[in-house]
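When a ligand or atom number is given, it counts from 1 through the structure's own listing order. Residues take their numbers from the sequence shown, with the count starting at 1. This structure is a prediction, so every number in the text was calculated from the model and none was measured.
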Amino acid sequence: MSTPFELREPGAPVANGVPLCVPFLGGNEARYLQECIETNFVSSVGPFVTRFEHELAERVGAKHAIATSSGTAALHIALLVAGVEPEDEVLVSTLTFIAPANAVRYVGAWPVFVDAERDHWQMDPQRVIDFVERTCGWDGTALRNRTTNRRVRAIVPVHILGHPVDMAPLREIAFRYRLSIVEDATESLGASCRGEAVGTLGDIACFSFNGNKLITTGAGGMIVTDDESWARRAKYLTTQAKDDPLEYEHHAIGFNYRLSSIHAALGCAQLEKLDSHLEAKRKIASFYETALRAVPGLRLMRQAPWATSAWWLYTVLVDEHSFGMSSRELLRVLDRDSVQARPLWQPMHQSIAHAGAQKVGGEVADALHAEALSLPSSVGITEAQLDRVVAGIEKAARTVQ
Ligand SMILES: *Cc1c(COP(=O)(O)O)cnc(C)c1O
């Protein structure tokens, strides 16, 4: 039994409550799974993996796609393929789920954590420019961090909460200093930046199909790129680096990061529903926007004029003084009514797992971390459930006025 102060973990079942973000399996999932069983294609062989790869590539507008066992595995391989080597440095958003920072460490490189901007909470391109121009120098072949003497090799912008990072200035600086851009698009399938789809804005990109993402395969991920040799390398590395599959000869250390046919079958069914999922997310966002606009002390999530958001998780900032209680107090009040909200992740520059890492700024991410609360945003959320979330927030606001 949970007490008012033992918060349920996000994603845990909430009897008669409103979960944060759960899968919506409303299409051909069961039919395609049945097909896997009837054809005996449940593992790595069979049509669904290739079909899922082709359909996702086409949807995003990338030339190639490689399915992986998770979004984190996709990030690991994307960094390897993008040429990140041990002891290199990689610029990563500080306000993110930990996966991309960990992936940088998997390849033996070092993350440099970049602060968020205040308006849309994404990686701040100006901080990247400041770091490159003030802390680094071009040594004739590469960009080098003058304080560590390490090579700076890549940028990992994380499009958080469904909204894209402002990519134009990042692309310019990446081009100038020969940095690869590895997009972490795991939270933003379907979003776009100045009309260009997230996933095609850098050199290589990663998606996730974890249970709470825009579409799900239970667990899974995808790498997309326009570069054919990178795509071939990614496929090779995710499938145990087999050079002679008959004689089992390997010329490199590979990984078992394949997606199974069963997962891919789910993915094909989910992808057919992506547009309706995005439509549901937009409706959830506009519902909250209308209902919460007048609540004092809340700052609502905004879409940049140059962006189309996927509105993955609708998030608000709670100003403790004008709202009357902190974001964490509101979290507990909602939890008592079995409404699952969630704070944003601890910024990476505060993470003990990445203690000692360099950072560029961090104050904005710290403030956002203190104030932000993501609200229930499941594709299948009902209007009654949305009303209940809003009523909970309004009641909390009234109690303290
Ligand atoms: C979900 C997510 C990932 C990948 O997660 P997996 O569970 O490994 O698929 C990576 N980065 C971010 C920002 C995420 O939200």
(request) Determine, for W306 and R194, whether the Lys NZ or Arg CZ falls below 6.0 Å from the six-membered ring centre while staying within 45 degrees of the axis. (result) yes
(request) Answer yes or no on whether R105 is positioned over the face of W110, meaning its NZ or CZ is under 6.0 Å from the six-membered ring centre and within 45° of the axis. (result) yes
For ligand 1, what N or O to protein N or O distances fall under 3.5 Å?
residue  : atom   : partner : partner atom : Å
ligand 1 : 8 (O)  : G71     : N            : 3.4
ligand 1 : 8 (O)  : T72     : N            : 2.9
ligand 1 : 8 (O)  : T72     : OG1          : 2.5
ligand 1 : 9 (O)  : G71     : N            : 2.8
ligand 1 : 9 (O)  : S208    : OG           : 2.6
ligand 1 : 11 (N) : D184    : OD2          : 2.8
ligand 1 : 11 (N) : T186    : OG1          : 3.2
ligand 1 : 15 (O) : E187    : OE2          : 2.5
ligand 1 : 15 (O) : K213    : NZ           : 3.2

(message) If you take the centroid of each ring, where Trp contributes its six-membered ring, are Y106 and F255 closer together than 6.0 Å?
(response) no
(message) Restricting to non-hydrogen atoms, name the atom on V198 and the atom on F207 that form the minimum distance, rounded to 0.1 Å.
(response) O-CZ, 3.7 Å
(request) Examine distances only and state if a side-chain atom of S374 and a backbone atom of L313 form a donor-acceptor pair shorter than 3.5 Å. (result) no
(message) Using modelled atom types and a 3.5 Å cut-off, is there a donor and acceptor pairing between side-chain atoms of T217 and backbone atoms of A264?
(response) no
